[in-house]
Colleague: 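Have a look at the structure that comes next, please.
One is the number of the first residue; the rest follow in order along the sequence.
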Amino acid sequence: MIRSKQALAPQAINATLVRCVIALLTAIVPTTLFFAWDVGRASFVVLALFGIALICLRRIDVTLETSEKLLFTSIALFFLVALLSYSFNDVSESEKSFRYVWERYSLLVLFIPLYLLFRDQRFDIESVLCLFAVAAIVAGTMGLYEHFVLGQHRATGTAQPIFLGTVSLGMVAIVLAGWPIMLKRGFVSATLLVLATTLGISAVILSGTRGAWIATPFVALLIGGYFLRDAPRLVRVVTVVVVLGLFAASYQIQLVKTRVDTMFSEISTLFTDEARDTPSDRKSTALRLDMFVKAWEIFLDNPVLGIGPGAFKTELARRSEYDESYSHLTSFSNPHNQYLTSLSTHGVAGLVAIVLVLAVPAVICIRRLRWRDERALLALGGLSLLTCYAIYGLTLAPFERKFQLVFYTFSLALVLGTLLASDATEDEPVGAR
């Protein structure tokens with residue numbers, strides 16, 4: 001009997017060591033994205049490889065519920081559509097190569113081993129929230145440093161302003177959804193909540209990312225609506241007034257005022273004769289509207305599987321040779337709209353795939369909002385993240401960018417893995433007991 005225990009001791013030590021390494025890598029990914037992208041991405045890949053290895057060694061239970069099967073199917077379909085579009089289109093151009101598919105869309109496929117890994121680890125919900133809080137604090141600190149110390153007009157976080165703004169909002173959304181958990185767990189968690197909210201929103205503002213600004217009221221409406229659904233009418237009215245006041249006050253920030261005024265100015269000039277005659281002089285907002293129209297035209301010519309992944313820029317250049325209306329857009333690699341990007345490059349199948357990638361996990365989260373405990377708050381955080389990316393898709397193409405894909409895949413896998421692991425411990429709603 002003693003020998004048996006001694007024989008099992010190394011296995012227990014190895015299991016503990018593996019769990020510690022996984023926890024460390026999990027902490028590294030979101031906290032290093034903004035100042036050490038290569039470290040964060042490498043940690044992300046190593047985590048996925050850990051998951052694959054443990055699955056192959058049968059150290060992870062791969063039994064799936066129906067919702068999990070649908071989740072994995074939606075991701076596999078997205079990748080399959082990209083491969084089919086690649087296969088049925090001319091792949092002679094480098095931008096349309098298999099490398100584009102592999103370097104981007106394979107990151108989303110890594111959701112599967114990451115999800116199974118996180119589900120097996122059964123992280124505490126408070127720990128997950130604190131991790132995103134720390135990451136939001138890092139983002140906000142970098143944003144403040146770059147804007148006020150380095151004098152940058154828009155904070156970038158060593159990458160791009162768009163990445164800093166969109167990812168920071170995703171982090172803040174998850175943290176704010178779980179604020180009751182963090183407030184009741186003690187001083188440290190409460191402090192992290194306050195700092196993460198303040199600094200994270202600062203990063204969103206200082207990045208100057210209008211796509212993140214547009215998503216902010218939708219996230220506020222979702223989270224506020226959840227917590228105020230049973231509140232007295234007066235409380236709801238006062239809360240709405242306060243939130244609207246905060247949005248109005250943010251307009252007084254010079255960076256916000258300048259970019260919002262510029263956006264409306266660019267839109268208004270579209271209706272002048274001069275703008276119609278000189279499309280090459282159009283600025284950011286007007287150019288995006290032009291790209292929306294051209295992406296739709298490209299889709300109409302290639303409705304089933306599109307023109308091929310990553311081929312948007314090449315297609316614009318090809319069309320500009322015989323149609324001058326495309327010539328001022330040839331420097332853009334996508335139409336700055338995820339849904340039109342999917343339509344133009346992957347056809348109708350691509351649009352269906354991207355909608356399913358967002359809708360299936362959203363349904364999983366919505367179904368768990370009925371639980372009146374901490375799991376519902378984590379589900380709200382996951383739904384808030386999905387809302388962010390769904391709104392980003394109107395003015396950006398986040399699933400074409402490696403930085404945003406890594407954060408989305410990691411965060412959703414961690415949130416859903418933790419959420420469904422907690423589901424396994426209790427099979428009925430609290431209110432049903």
Side-chain angles (χ1 to χ4, degrees), residues 74 78 108 132 136 139 154 160-177 197 200-227 240 243-244 246-247 250-251 256 259-260 263-264 267 284-285 287-289 291-292 295-296 334-344 350-366 369 379-401 403-412 415-416:
S74 67
F78 182 88
L108 187 60
F132 284 112
R154 296 176 63 185
Q160 290 184 14
I162 290 176
F163 298 160
L164 178 65
T166 54
V167 171
S168 296
L169 181 60
M171 294 173 174
V172 172
I174 295 172
V175 173
L176 279 179
T197 304
I201 292 297
S202 297
V204 174
I205 294 173
L206 296 177
S207 70
T209 305
R210 289 173 293 195
W213 296 350
I214 293 171
T216 300
F218 290 92
V219 173
L221 182 63
L222 173 63
I223 296 176
Y226 177 82
F227 287 110
V240 170
V243 172
L244 290 176
L246 291 173
F247 281 122
S250 66
Y251 179 71
V256 176
R259 288 187 61 75
V260 171
M263 178 181 67
F264 284 112
I267 293 175
S284 175
T285 304
L287 288 173
R288 293 187 187 209
L289 295 176
M291 284 189 288
F292 292 175
W296 181 254
N334 65 70
H336 285 255
N337 180 296
Q338 184 61 59
Y339 309 106
L340 287 171
T341 298
S342 296
L343 274 174
S344 59
L351 179 63
V352 172
I354 191 64
V355 169
L356 288 176
V357 161
L358 292 167
V360 172
V363 171
I364 291 174
C365 291
I366 291 171
L369 291 180
L380 179 63
L383 186 60
S384 300
L385 174 67
L386 291 162
T387 300
C388 285
Y389 271 77
I391 301 300
Y392 296 160
L394 298 174
T395 58
L396 304 168
F399 289 89
E400 309 299 314
R401 302 295 184 184
F403 191 102
Q404 290 166 307
L405 263 175
V406 165
F407 176 74
Y408 174 85
T409 304
F410 169 84
S411 301
L412 192 62
V415 169
L416 291 185

Colleague: With a 4.5 Å cut-off on side-chain heavy atoms, are Arg210 and Thr395 touching?
Modeller: no
Colleague: Does Thr409 use its side chain to pair, donor to acceptor, with the backbone of Val406 at less than 3.5 Å?
Modeller: no
Colleague: Working to the nearest 0.5 angstrom, can you tell me the gap between Leu358 CG and Ser74 OG?
Modeller: 9.0 Å
Colleague: Run Thr341 and Glu400 through side-chain hydrogen bond (donor to acceptor under 3.5 Å, both in side chains) and show every step you take.
Modeller: CA-CA 9 Å; Thr341 298; Glu400 309 299 314; 5.6 Å; no
Colleague: Which heavy atom of Val256 sits nearest to which heavy atom of Ser250, and what is that distance?
Modeller: CB-O, 3.4 Å
Colleague: Does any part of the side chain of Tyr226, heavy atoms only, come nearer than 4.5 Å to the side chain of Leu222, both counted from C-beta?
Modeller: no
Colleague: To the nearest 0.5 angstrom, please state how far the CZ atom of Phe407 sits from the CZ atom of Phe132.
Modeller: 5.5 Å
Colleague: As a quick check of understanding, evaluate side chain to side chain contact (heavy atoms under 4.5 Å, CB included) for Val240 and Val243, giving each step before the final call.
Modeller: CA-CA 5 Å; Val240 170; Val243 172; 5.9 Å; no
Colleague: Nearest 0.5 Å please: distance from the CG atom of Leu169 over to the CD1 atom of Ile214.
Modeller: 11.5 Å
Colleague: Can you see which heavy atom on Tyr392 is nearest to which on Pro398, and at what distance?
Modeller: CB-CG, 4.2 Å
Colleague: If I compare all heavy atoms of Ser384 with all of Ala173, which pair ends up nearest, and what's the gap?
Modeller: CB-CB, 3.7 Å
Colleague: Under 3.5 Å, is there a donor-acceptor pair between the side chain of Ser168 and the main chain of Gly165?
Modeller: no
Colleague: Ile354 and Gln338: which non-hydrogen atoms are nearest, and at how many Å?
Modeller: CG1-CG, 4.0 Å
Colleague: Say whether, by atom type as modelled, one donor and one acceptor occur between the side chain of Asn337 and the main chain of Leu394 under 3.5 angstrom.
Modeller: yes
Colleague: Specify whether Phe78 and Phe399 have parallel, tilted or perpendicular ring planes, treating 30° as the upper limit for parallel and 60° as the lower limit for perpendicular.
Modeller: tilted
Colleague: Taking the side chain as everything from C-beta on, heavy atoms only, tell me whether Ile162 gets closer than 4.5 Å to Gln404.
Modeller: yes
Colleague: Looking only at atom types and distance, does a side-chain atom of Thr209 sit under 3.5 Å from a main-chain N or O of Pro161, one as donor and one as acceptor?
Modeller: yes
Colleague: Once you round to the nearest 0.5 Å, how far does OG1 of Thr166 lie from CZ of Arg401?
Modeller: 11.0 Å
Colleague: If we only count heavy atoms from C-beta on, is the Leu383 to Leu369 side-chain gap below 4.5 Å?
Modeller: yes
Colleague: Are side-chain heavy atoms of Val175 and Val172 found at a separation under 4.5 Å?
Modeller: no
Colleague: To the closest 0.5 Å, what do you measure between CE (Met171) and CD1 (Ile201)?
Modeller: 13.0 Å
Colleague: Which heavy atom in Leu416 sits nearest to a heavy atom in Cys365, and how many Å separate them?
Modeller: CD2-SG, 3.7 Å
Colleague: Treating Tyr408 as the side-chain partner and Leu386 as the backbone partner, does any N or O pair qualify as donor plus acceptor under 3.5 Å?
Modeller: no
Colleague: CH2/Trp213 to CD1/Ile205 distance, rounded to the nearest 0.5 angstrom?
Modeller: 8.0 Å
